[in-house]
Amino acid sequence: MADRDYYQILGVQRGASHEDIRKAYRKLARKYHPDINPGNKDAENKFKDLSVAYDVLSDEKKRKLYDEFGEAGLAAGFDADKARSYQQWRQQSERAGGAYEFNMDDLGDLFGGLGGMFRQGPRAQSGPTRGQDIESSMEIDFLDAVRGFQTSITLRRPVSCEVCQGTGAKSGTKPRTCPECHGSGTKSVAQGPMQLRQSCPRCQGSGQLPGDPCAACGGTGRVLRPDTIRVNIPPGADSGKRIRLRGKGEAGVRGGPAGDLYITPRIQPHPILTRSGRDLTMELPVTVGEAVRGANVDVPTPDGTIKVKVPAGAQSGQRLRIKGKGVAAYGQTPAGDLYLRLMVRVPTEKIAHDVIEKIDQAYGEDVRKDVRL
């Protein structure tokens with residue numbers, strides 16, 4: 001049986017954007033929803049196909065696999081790299097004009113276990129399947145990343161259907177033979193000397209569909225819904241370093257556990273602070289007088305303003321360390337430090353000539369005596 005064309009089911013082109021796919025699905029779902037067409041089996045089957053098509057094409061990873069391998073790429077345990085290796089081998093075989101005879105042990109030797117992906121037995125495993133992980137990103141303010149904070153995000157993700165409790169079956173109906181594989185649980189993916197088969201993508205290798213499809217989820221056992229998730233961003237979150245939320249990915253299939261949600265922070269730069277690990281650095285302007293005499297000055301930190309002593313005779317570029325005022329402590333990890341890089345600023349207003357003379361005389365030596373190439 002040929003693969004279903006999910007793009008044709010939704011009435012969109014293969015290059016359609018995510019927004020075009022979403023609009024097409026919503027329009028058709030309203031038209032064929034079982035609540036709008038009670039007792040209409042054709043509309044019910046159409047709605048089910050729409051739900052399956054949207055579940056695939058609205059997910060970037062699933063869509064890429066479908067575009068490259070068809071429905072075969074959506075089967076549980078499908079290994080894209082091994083499938084590409086098999087396709088390459090088959091093309092080379094066809095170009096050579098010959099057909100090879102070997103057993104499945106040979107296939108494992110050739111492709112490093114590719115044979116394990118293609119099921120030879122009458123039935124693939126039909127137990128619970130873990131849901132896929134979800135990747136997301138989040139823009140985070142520099143100081144929020146330093147301090148840590150809690151927030152909420154709303155994602156559209158597949159969750160277990162509340163109507164059928166994730167079974168995909170209408171209440172009170174009995175399981176039926178899968179029309180895709182006719183109950184075998186497998187589907188042929190190659191003809192000729194190698195009769196290779198893989199787990200049926202429609203019934204996930206069980207050979208059966210769980211009774212009449214649930215009207216709410218179209219028989220998939222899952223529905224796409226906005227879900228608001230509470231997220232704890234720990235102090236010291238790094239750009240590109242993923243934060244894992246267990247069980248917040250896609251709902252599992254046939255009672256399997258949910259996948260995880262991975263959030264990748266993108267930390268915004270700060271105008272005066274930079275960060276290295278858990279330490280922070282700030283350039284702190286001081287006046288000539290403060291540098292010469294020394295002074296106690298106000299310095300803002302992530303925890304609030306503090307008083308810092310500038311030592312007498314401080315030089316521009318000199319660093320002061322403020323312990324524990326960097327990235328906040330988290331768990332067993334101690335807080336980082338704040339480093340202040342003093343920047344002596346000369347006044348922009350005109351200064352009396354005799355005052356400048358006295359300042360220059362106070363140096364006592366050539367300030368550039370060590371500048372040598």
Side-chain angles (χ1 to χ4, degrees), residues 17-19 21-22 54-69 73-84 128-160 166 222-253 255-271 273-281 302-303 326-338:
S17 67
H18 178 79
E19 183 63 20
I21 290 171
R22 185 184 69 84
Y54 182 68
D55 179 62
V56 172
L57 298 186
S58 64
D59 183 290
E60 184 178 354
K61 290 183 178 179
K62 290 182 181 178
R63 184 177 179 180
K64 286 182 179 179
L65 288 171
Y66 173 75
D67 286 346
E68 185 173 358
F69 301 104
L74 306 175
F78 182 82
D79 191 314
D81 291 334
K82 291 180 180 178
R84 293 187 187 102
T129 302
R130 181 182 182 275
Q132 291 191 353
D133 297 332
I134 295 177
E135 299 276 352
S136 184
S137 61
M138 180 185 294
E139 298 279 348
I140 300 179
D141 177 77
F142 184 95
L143 289 178
D144 284 339
V146 168
R147 301 182 181 115
F149 68 106
Q150 287 189 337
T151 187
S152 295
I153 60 173
T154 300
L155 298 173
R156 282 181 59 83
R157 68 185 183 106
V159 298
S160 183
R222 304 186 299 180
V223 291
L224 271 175
R225 287 185 181 162
D227 189 18
T228 301
I229 302 169
R230 192 73 176 167
V231 181
N232 179 45
I233 305 297
D238 283 324
S239 281
K241 187 174 182 180
R242 299 189 305 173
I243 298 170
R244 179 184 182 188
L245 280 70
R246 295 180 182 271
K248 296 301 182 181
E250 293 188 6
V253 179
D260 298 330
L261 169 62
Y262 288 91
I263 296 177
T264 302
R266 293 203 300 265
I267 312 301
Q268 299 301 300
H270 193 275
L273 285 171
T274 58
R275 179 178 158 194
S276 176
R278 303 191 73 81
D279 295 332
L280 302 176
T281 298
D303 291 334
V327 175
Y330 181 69
Q332 300 298 316
T333 305
D337 299 329
L338 171 63

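- At a threshold of 4.5 Å between non-hydrogen side-chain atoms, the residues Ser58 and His18 count as touching.
- The residues Asp238 and Arg275 are annotated as salt-bridged, a charged nitrogen and a carboxylate oxygen being separated by less than 4.0 angstrom.
- Side-chain N or O atoms of Arg278 include one that pairs as donor or acceptor with a backbone N or O of Ala328 at under 3.5 Å.
- In this structure a side-chain-to-backbone donor-acceptor pair under 3.5 Å is present from Asp260 to Gly247.
- Partner of Met138 under the side chain to side chain contact (heavy atoms under 4.5 Å, CB included) criterion, out of Thr264, Ile233, Ile267: Ile233 alone.
- Salt bridge Glu68/Lys64: absent, no basic N to carboxylate O contact under 4.0 Å.
- Using modelled atom types, no side-chain atom of Asn232 and backbone atom of Gln150 make a donor-acceptor pair closer than 3.5 Å.
- Counting only distance, with no hydrogens or angles, the side chain of Arg225 and the backbone of Val159 share no donor-acceptor pair below 3.5 Å.
- Put simply, the side chain of Thr151 does not reach to within 4.5 Å of the side chain of Asp144, judged on heavy atoms.
- Between the side chains of Arg266 and Ser239, not a single donor N or O lies within less than 3.5 Å of an accepting N or O.
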**OP:** Kindly determine whether Leu280 and Phe142 satisfy side-chain contact (heavy atoms from CB on, under 4.5 Å), including the steps that lead there.
**Re:** CA-CA 11 Å; Leu280 302 176; Phe142 184 95; 4.1 Å; yes
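- Arg222 places no side-chain N or O within donor-acceptor distance of the main-chain N or O of Pro158, the cut-off being under 3.5 Å.
- Nearest heavy-atom pair, Ala251 versus Ser160, reported as atom, atom and distance to 0.1 Å: CB-N, 3.4 Å.
- Pairing each heavy atom of Gly326 with each of Val146, the nearest pair is O-CG1, 3.9 Å.
- Glu19 and Arg22 are joined by a salt bridge, as a carboxylate oxygen and a charged side-chain nitrogen come within less than 4.0 angstrom of each other.
- The pair Lys62-Glu250 meets the salt-bridge criterion, since a charged nitrogen lies less than 4.0 angstrom from a carboxylate oxygen.
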**OP:** Report the C-alpha distance between Val327 and Thr333 in whole Å, list the side-chain angles of each, state the deciding distance to 0.1 Å, and finish with yes or no for side-chain contact (heavy atoms from CB on, under 4.5 Å).
**Re:** CA-CA 10 Å; Val327 175; Thr333 305; over 6 Å; no
**OP:** Take Arg157 and Ile229 through the test side-chain contact (heavy atoms from CB on, under 4.5 Å) and record every step on the way to the result.
**Re:** CA-CA 11 Å; Arg157 68 185 183 106; Ile229 302 169; 4.0 Å; yes
